[in-house]
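Given the structure is predicted, the values throughout are model-derived calculations rather than measurements. Each ligand, and each atom within it, is numbered from 1 in the order the structure gives.
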Amino acid sequence: MAAKGKILLAITGFSPQRWYEMLSEEREVVLEPNGEADPSIEYAVVWKQRPGLLAKLPNLKAIFSIGAGVDHVFADTTLPDVPIVRVVADNLTQHMVEYVLWRVLDHHRQGQLYRAQQTKKVWHEPPQRPAEDISVGIMGLGNLGRAAANALSAIGFRVNGWSRRPQDVAGVTTFAGDVGLVPFLNATDILVVLLPLTDTTKGMVNYGLLKELRRRNGLGGSVLINAGRGKLQHDADILRALDDGTLKEASLDVFEVEPLPKTSPLWGHPKVYVTPHAAATSDPAHLVGPMLKQMDAFERGAPLENLVDRAAGY
Ligand code: NDP
Ligand code: OXD
């Protein structure tokens, strides 16, 4: 029986230890910076790998991103021409659905106002609108966007979705492409960004885009929730929109620079809810098993699943 292909584990920014231990249960794993140019390495499991590293592996067969997003993989412009697999997993999807529901409900039920009232011991009940009065618009109707859309419509919100190509999602009013963008924004009170970061989407959450959101709803203004990628947005434009009333509030999980610099005014802004890129964490306890199964199946001749479209960049 042929030996199982060796894995290079190349993670920067956090400890690879748990991934290393779990992957090592079934295959030989080399921890970067070891393994440079090692001809016995067939797979790379990566998060923000060091640029140039993968191009030196002469027998690399596939790259596995430990995240759903792959902009961190493409940041290396010398990437070898092998298939790239990304994460599509119930556990990660469930985390993202929870995050989106949590933040949408908090804005809808005026969490920011009640937290401010509590600090001042104010007993005041503002008017409440039903969810059906609010349109939540999801930018990115992929695996995560569709799941979030379904969960939001199940609890009564009106849901719009925007994607690159036309999509059909039951109970969701869908828009697509450049022509669909402004109509989508004009029909949206709470904007949820679940786009991948690509050459096309970079920087698109700017002041001009936020200006197109609907502001006539019972929320008292439009709301931005970004759990896609920080470089989709301009932090300064969001601050400007919050300060001039274009936006009522924002929940931001991702930022142009991460970790968010301590000097950023977003940290202390009364209308902003900050989380540290934690909307949907990649948990090796749920992701390593399917990853190893894919490698086994691939070695038996099966096609890889959840492949990234290199031309589209996601
Ligand atoms: P998918 O690839 O399944 O979906 C991407 C969606 O974005 C698709 O609907 C796609 O359109 C749409 N899209 C891409 N480019 C454009 C464009 N130029 N114009 C309009 N729509 C576009 O991704 P996932 O749903 O799995 O993940 C989305 C993103 O969420 C990830 O890329 C990652 O950046 C982020 N993420 C963040 C996490 C966090 O903790 N904050 C955790 C996990 C992911 P189409 O349907 O036509 O292909
Ligand atoms: C991801 C992430 O892309 O964690 O999965 O951001």
Side-chain angles (χ1 to χ4, degrees), residues 11-14 19 45-48 64-75 84-100 102-103 137-151 159-169 172 174-185 191-205 209 224-233 251-256 258-260 273-284 286-287 290-291 305-314:
I11 289 180
T12 63
F14 61 94
W19 290 88
V45 174
V46 305
W47 180 260
K48 296 186 182 171
F64 286 74
S65 162
I66 68 166
V70 287
D71 48 295
H72 67 99
V73 181
F74 287 122
I84 303 168
V85 177
R86 70 184 194 94
V87 169
V88 176
D90 290 349
N91 175 260
L92 186 112
T93 304
Q94 173 66 20
H95 281 309
M96 186 57 87
V97 168
E98 287 169 7
Y99 171 85
V100 172
W102 170 44
R103 296 321 310 150
I138 304 193
M139 288 182 96
L141 274 183
N143 180 55
L144 302 178
R146 280 195 309 272
N150 290 336
V159 184
N160 302 317
W162 182 71
S163 52
R164 188 165 63 96
R165 298 159 296 188
Q167 301 289 353
D168 220 357
V169 184
V172 178
T174 56
F175 302 79
D178 291 347
V179 290
L181 182 58
V182 170
F184 161 78
L185 296 167
L191 180 66
V192 177
V193 183
L194 285 175
L195 286 169
L197 177 67
T198 66
D199 291 346
T200 317
T201 60
K202 188 172 180 190
M204 72 179 300
V205 182
L209 179 142
L224 168 69
I225 298 171
N226 186 4
R229 280 290 182 266
K231 286 190 168 53
L232 295 166
Q233 76 196 22
S251 284
L252 302 174
D253 185 57
V254 289
F255 303 89
E256 275 184 87
E258 293 179 9
L260 181 62
Y273 199 91
V274 170
T275 46
H277 197 140
T281 305
S282 289
D283 182 351
H286 291 267
L287 304 185
M291 214 174 251
E305 290 169 4
N306 307 321
L307 286 172
V308 170
D309 173 346
R310 277 195 178 229
Y314 66 97

Next on the checklist: Quick one, Trp102 with Thr275, criterion side-chain contact (heavy atoms from CB on, under 4.5 Å). Give me CA distance, side-chain angles, the key distance, then yes/no.
Outcome noted: CA-CA 12 Å; Trp102 170 44; Thr275 46; 4.0 Å; yes
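Side chain of Ser251 to backbone of Ile225: no donor-acceptor contact under 3.5 angstrom is found. Of the possible donor and acceptor atoms, one in the side chain of Lys231 sits under 3.5 Å from a partner among the backbone N and O of Glu256. At least one donor-acceptor pair under 3.5 Å links the side chain of Arg146 to the backbone N or O of Leu141. Remark: side-chain polar atoms of Asn306 are not paired, donor with acceptor, to backbone N or O of Val85 under 3.5 angstrom. A donor-acceptor distance shorter than 3.5 angstrom exists from the side chain of Ser282 to the backbone of Ile66, with no hydrogens or angles considered. Although no hydrogens or angles enter the test, the distance criterion places no donor-acceptor pair under 3.5 Å between the side chain of Gln94 and the main chain of Asn91. Thr201 places a side-chain N or O within donor-acceptor distance of the main-chain N or O of Pro196, the cut-off being under 3.5 Å.
Atom 47 (O) of ligand 1 has its closest protein heavy atom at Arg165 N, 2.7 Å. The protein non-hydrogen atom at the shortest distance from atom 40 (O) of ligand 1 is Ala280 N, 3.1 Å. Ranking protein heavy atoms by distance to atom 38 (C) of ligand 1, first place goes to Met96 CE, 3.5 Å. In this structure, atom 35 (C) of ligand 1 lies nearest to the protein heavy atom Gly228 O, 3.5 Å. Ranking the protein heavy atoms by distance from atom 28 (C) of ligand 1 puts Leu194 O, 3.4 Å first. Annotation: atom 11 (O) of ligand 1 to nearest protein heavy atom, Arg164 N, 3.2 Å. Protein heavy atom nearest atom 8 (C) of ligand 1, with residue, atom name and distance: Gly142 N, 3.7 Å. The shortest contact between atom 10 (C) of ligand 1 and any protein heavy atom is with Tyr314 OH, 3.5 Å.
A centroid separation of 6.0 Å or more is found between the aromatic rings of Phe64 and Trp19.
Close approach of ligand 1 to His277 is summarised as follows: ligand atoms under 4.0 Å from at least one heavy atom of the residue are 39 (C), 40 (O), 41 (N). Listed by number with element, the atoms of ligand 1 under 4.0 Å from a non-hydrogen atom of Ala279 are 39 (C), 40 (O), 41 (N). Close contacts between ligand 1 and Ala227 involve ligand atoms 35 (C), 36 (N), 37 (C), 38 (C), 39 (C), 41 (N) [criterion: under 4.0 Å to a heavy atom]. Under a 4.0 Å criterion applied to the non-hydrogen atoms of Gly69, ligand 1 contributes the atoms 31 (C), 32 (O), 33 (C). Atoms of ligand 1 found under 4.0 Å from any heavy atom of Thr200 (numbered from 1 in listed order, with element): 18 (N).
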Expected rows: ligand 2 N/O, protein N/O, dist below 3.5 Å:
{"from": "ligand 2", "atom 1": "3 (O)", "to": "Ala68", "atom 2": "N", "distance (Å)": "3.2"}
{"from": "ligand 2", "atom 1": "3 (O)", "to": "Gly69", "atom 2": "N", "distance (Å)": "2.8"}
{"from": "ligand 2", "atom 1": "3 (O)", "to": "Arg229", "atom 2": "NH2", "distance (Å)": "2.7"}
{"from": "ligand 2", "atom 1": "5 (O)", "to": "Ala68", "atom 2": "N", "distance (Å)": "2.7"}
{"from": "ligand 2", "atom 1": "6 (O)", "to": "Arg229", "atom 2": "NH1", "distance (Å)": "2.8"}
{"from": "ligand 2", "atom 1": "6 (O)", "to": "Arg229", "atom 2": "NH2", "distance (Å)": "3.3"}
{"from": "ligand 2", "atom 1": "6 (O)", "to": "His277", "atom 2": "NE2", "distance (Å)": "2.6"}

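Here atom 13 (N) of ligand 1 lies nearest to Leu195 when heavy atoms of Val88, Leu195, Asp253, Asp309 are compared. Among Trp162, Phe175, Phe184, the residue whose heavy atom lies nearest to atom 20 (C) of ligand 1 is Trp162. Nearest to atom 33 (C) of ligand 1 by heavy atom, out of Met139, Arg86, Arg229, Gln167, is Arg229. Of the options Ala68, Ala89, Ser282, Pro196, the smallest heavy-atom separation from atom 7 (O) of ligand 1 is shown by Pro196.
Counting only N and O atoms by type, the side chains of Ser65 and His72 include a donor and acceptor under 3.5 Å apart. No side-chain donor from either of Thr198 and Asp71 sits under 3.5 Å from a side-chain acceptor of the other.
Considering backbone and side-chain atoms alike, Leu144 places an N or O below 3.5 Å from some N or O of ligand 1. Among the atoms of Thr201, none of the N or O lies under 3.5 angstrom from an N or O of ligand 1.
Taken to the nearest 0.5 Å, the CD1 atom of Ile138 stands 10.0 Å off from the CG atom of Leu144.
Met139 has its side chain within reach of Leu181: a pair of non-hydrogen atoms, C-beta onward, lies under 4.5 Å apart.
Ring orientation note: the planes of Trp47 and His277 are nearly perpendicular, at an angle over 60° on the 30°/60° scale.
Atom CG of Asp168 is surrounded by 12 or fewer heavy atoms from other residues, nucleotides or ligands within 6.0 Å.
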